Protein chains: 2
Amino acid sequence: MHETSRHTILAIDDHPLFRKGVADLIDMDDTLEMVGEAANGQDGLELAKSLQPDLILLDINMKGMSGIDTLKAMKQEDIDSLILMLTVSDNEEDVLTALRIGADGYLLKDMEPEDILGSIRKAMEGTVVISDHLTQLLAKALRDEDKLVEDKSPTPLTSREQEILEHISNGMSNKLIAKTLSISEGTVKVHVKHLLKKLNLHSRTEAAVWALRRL
Amino acid sequence: MHETSRHTILAIDDHPLFRKGVADLIDMDDTLEMVGEAANGQDGLELAKSLQPDLILLDINMKGMSGIDTLKAMKQEDIDSLILMLTVSDNEEDVLTALRIGADGYLLKDMEPEDILGSIRKAMEGTVVISDHLTQLLAKALRDEDKLVEDKSPTPLTSREQEILEHISNGMSNKLIAKTLSISEGTVKVHVKHLLKKLNLHSRTEAAVWALRRL
DNA sequence: TGTATTATACCCTATAATGGGTAGGTGTTA
DNA sequence: TAACACCTACCCATTATAGGGTATAATACA
């Protein structure tokens, strides 16, 4: 172990209290050092670039720029810090997406502090760390290959389709959406039809659930 | 101020790290003392009964027994501690519900630690504390009386209706629900019809959204 | 026991939504 | 220019939902 320099860590989370908890946790380990905090993805990205920390703790559920988006941006900017995603939810899609983009681990916030510390140390050693009960999820996802194949080539929704999906996830009817967007109801139906096909869903209710589940 | 005894606080939240943050925060104030922690509603309820703290910090979004349910249970058990709800979301329904049941305040987790401490102190003095931008929400809700009148006399859903609502919020069709519950599709439709009327909604998609929003 | 609630199942009709098709206009890109 | 993707809008048919009704059996409760 290098006594001269501790491993540097940057925490990105929009809950001050949670950041404080993490900071205290990291203080407890002599080999780790918290070098920065950010309350949102934008600031986090900037800090990541300027501080070049060894490891970044990145919350998934943030207002504005999501953790996933932030992760994408970091990868595009060739930030070579280790990145551990922190989240409250074990949403399978998020886990797969994050790991696919290149996250180095995926931790649930309800882990015990000791386990979180342990995971950080493991990650420093190059291990991809994943919360225990998420590994089961992953194993399951790997078993039915469909999920991976599907997600590998996800026909992306057009912006109009996304817009309409959002309205659906708000409980709106085609007629209302049509009025809101000032287009014909028939056109809305076409978009709904396409978006259902692309997402491999079979009803607007499924679509609403799908959309709401991934925030 | 009584120098002899500090105000006692119990924190109920399923995120250990968050509890730690709160604990540290409370340690900073000489007039406050953290006397207990619980990771779920059940344990929280028991601790509340045995410790009889002056104030309880209660997270809304918990696995299993929700914060709202825990709050209800505490009120039924005649626990006379002050109860501050802590949550990440500013869901209007939750706020109204919590305050109606008798919460003494409603704080958002993304508040600054100082503000949270301040709110706790205010609550101790008997003030109902509510996060700033929630007050706007409340004002709005008060303006259109419908919301209050509606929620004041909520025709409760029967267990069967709740069961079916849950399936709807899972994206299931009437036909599938019928098969799952081994009843006729027509019966499912009746239940859906009734539940929509009771909740004052107009489509299953709205129902799904409604159900998902309140977890 | 009588009454209220609940779950069940069917009737009806009207409207909403799904899932195919074709097709014109626009903007981008090879 | 030609190919392509997208938004728009309509055609068609089928199915699903919504909302109203009546009615029966079981259960819960006073």
Side-chain angles (χ1 to χ4, degrees), chain A residues 72 76 146 149-214, chain B residues 69 72 76 146-147 149-214:
Chain A
K72 272 185 203 160
Q76 279 178 349
D146 287 8
V149 177
E150 264 175 43
D151 287 11
K152 246 181 209 160
S153 61
T155 315
L157 296 189
T158 68
S159 60
R160 200 50 155 177
E161 286 162 353
Q162 286 178 39
E163 198 176 1
I164 284 175
L165 175 56
E166 207 171 310
H167 284 130
I168 288 178
S169 79
N170 228 359
M172 288 167 74
S173 67
N174 288 337
K175 193 173 288 183
L176 225 187
I177 296 173
K179 274 183 195 163
T180 305
L181 299 181
S182 298
I183 57 179
S184 90
E185 189 182 341
T187 302
V188 176
K189 287 183 183 176
V190 174
H191 290 308
V192 173
K193 186 185 351 183
H194 290 161
L195 122 212
L196 287 178
K197 194 174 195 78
K198 283 181 180 176
L199 299 177
N200 201 15
L201 303 174
H202 306 85
S203 76
R204 72 196 295 98
T205 306
E206 276 185 31
V209 174
W210 188 92
L212 286 174
R213 288 229 192 277
R214 66 195 59 216
Chain B
D69 289 338
K72 271 184 206 162
Q76 280 178 348
D146 287 7
K147 284 233 166 52
V149 177
E150 267 173 41
D151 288 12
K152 245 181 213 164
S153 60
T155 316
L157 297 188
T158 68
S159 61
R160 198 53 153 177
E161 286 161 355
Q162 286 179 39
E163 197 176 2
I164 285 176
L165 175 57
E166 207 171 310
H167 286 311
I168 289 178
S169 79
N170 228 0
M172 288 167 75
S173 68
N174 288 337
K175 193 172 290 185
L176 226 186
I177 296 173
K179 275 183 196 163
T180 304
L181 300 181
S182 299
I183 58 178
S184 89
E185 189 182 342
T187 302
V188 175
K189 287 180 185 176
V190 174
H191 290 307
V192 173
K193 189 199 322 189
H194 290 162
L195 121 212
L196 288 177
K197 192 171 197 80
K198 284 180 179 175
L199 299 177
N200 201 16
L201 303 173
H202 305 86
S203 75
R204 73 195 295 97
T205 307
E206 275 184 31
V209 174
W210 187 93
L212 286 174
R213 288 229 191 278
R214 68 194 54 218

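Below, all heavy atoms of this structure are taken into account, side chains as well, without hydrogens, waters or symmetry copies. First the proteins, then the strands, lettered A, B, ... as listed; each starts at 1. Because the structure is a prediction, the values reported are computed rather than measured.
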Checklist entry - Does Arg204(A) reach the side chain of Asn174(A), with side-chain heavy atoms less than 4.5 Å apart? => result yes
Next on the checklist: Can you give me the closest heavy-atom contact between Gly171(A) and Ser203(B), atom names plus distance?
Outcome noted: O-OG, 4.1 Å
Checklist entry - Ser203(A) side chain N/O closer than 4.0 Å to the phosphate oxygens (OP1, OP2) of dA17(C)? => result no
Checklist entry - If you count the non-hydrogen atoms of other residues, nucleotides and ligands that lie under 6.0 Å from CD in Glu166(B), is the total more than 12? => result no
Item to check | Note, Val188(A) side chain near Met172(A) side chain (heavy atom, < 4.5 Å) | outcome: no
Next on the checklist: If you compare every side-chain N and O of Arg160(B) against the phosphate oxygens of dT5(C) (OP1, OP2), does one of them come in below 4.0 Å?
Outcome noted: no
Checklist outcome for this item: The reported gap from OG1 in Thr205(B) to CD1 in Ile168(A) (rounded to nearest 0.5 angstrom) is 7.5 Å
Item to check | Residue pair Leu199(A) / Leu157(A), side-chain heavy-atom distance below 4.5 Å | outcome: yes
Next on the checklist: Distance check needed: dC7(D) C1' versus Gln162(A) CD, whole Å only.
Outcome noted: 15 Å
Checklist entry - Rounded to the nearest Å, what distance is computed from the CD atom of residue Glu206(A) to the P atom of nucleotide dA17(C)? => result 15 Å
Item to check | Gln162(B), CD: over 12 other non-hydrogen atoms inside 6.0 angstrom | outcome: yes
Checklist entry - Is there a side-chain contact between Leu181(A) and His167(A) (heavy atoms, below 4.5 Å)? => result yes
Item to check | From Val192(B), Val190(B), Leu195(B), residue fulfilling side-chain contact (heavy atoms from CB on, under 4.5 Å) relative to Glu161(B) | outcome: Leu195(B)
Checklist entry - Of the residues in residues 183-196 of chain A, which ones touch DNA chain C at a heavy-atom distance under 4.0 Å? => result Lys189(A), Val192(A), Lys193(A), Leu196(A)
Checklist entry - In whole angstrom, what separates Leu157(B)'s CG from dT5(C)'s P? => result 16 Å
Next on the checklist: Between P on dT6(C) and CD on Glu163(B), what's the gap in Å once rounded to a whole number?
Outcome noted: 15 Å
Checklist entry - Rounded to whole angstroms, how far apart are NE2 on His202(B) and P on dA17(C)? => result 13 Å
Next on the checklist: With a cut-off of less than 4.0 Å, is there a side-chain N or O of Arg204(B) near OP1 or OP2 of dA16(D)?
Outcome noted: no
Next on the checklist: On the nucleotide dG20(D), are OP1 or OP2 found under 4.0 Å from the side-chain N or O atoms that Lys197(B) carries?
Outcome noted: yes
Checklist entry - For DNA chain C, what residues of residues 168-178 of chain A have any heavy atom nearer than 4.0 Å? => result Ser173(A), Asn174(A), Lys175(A)
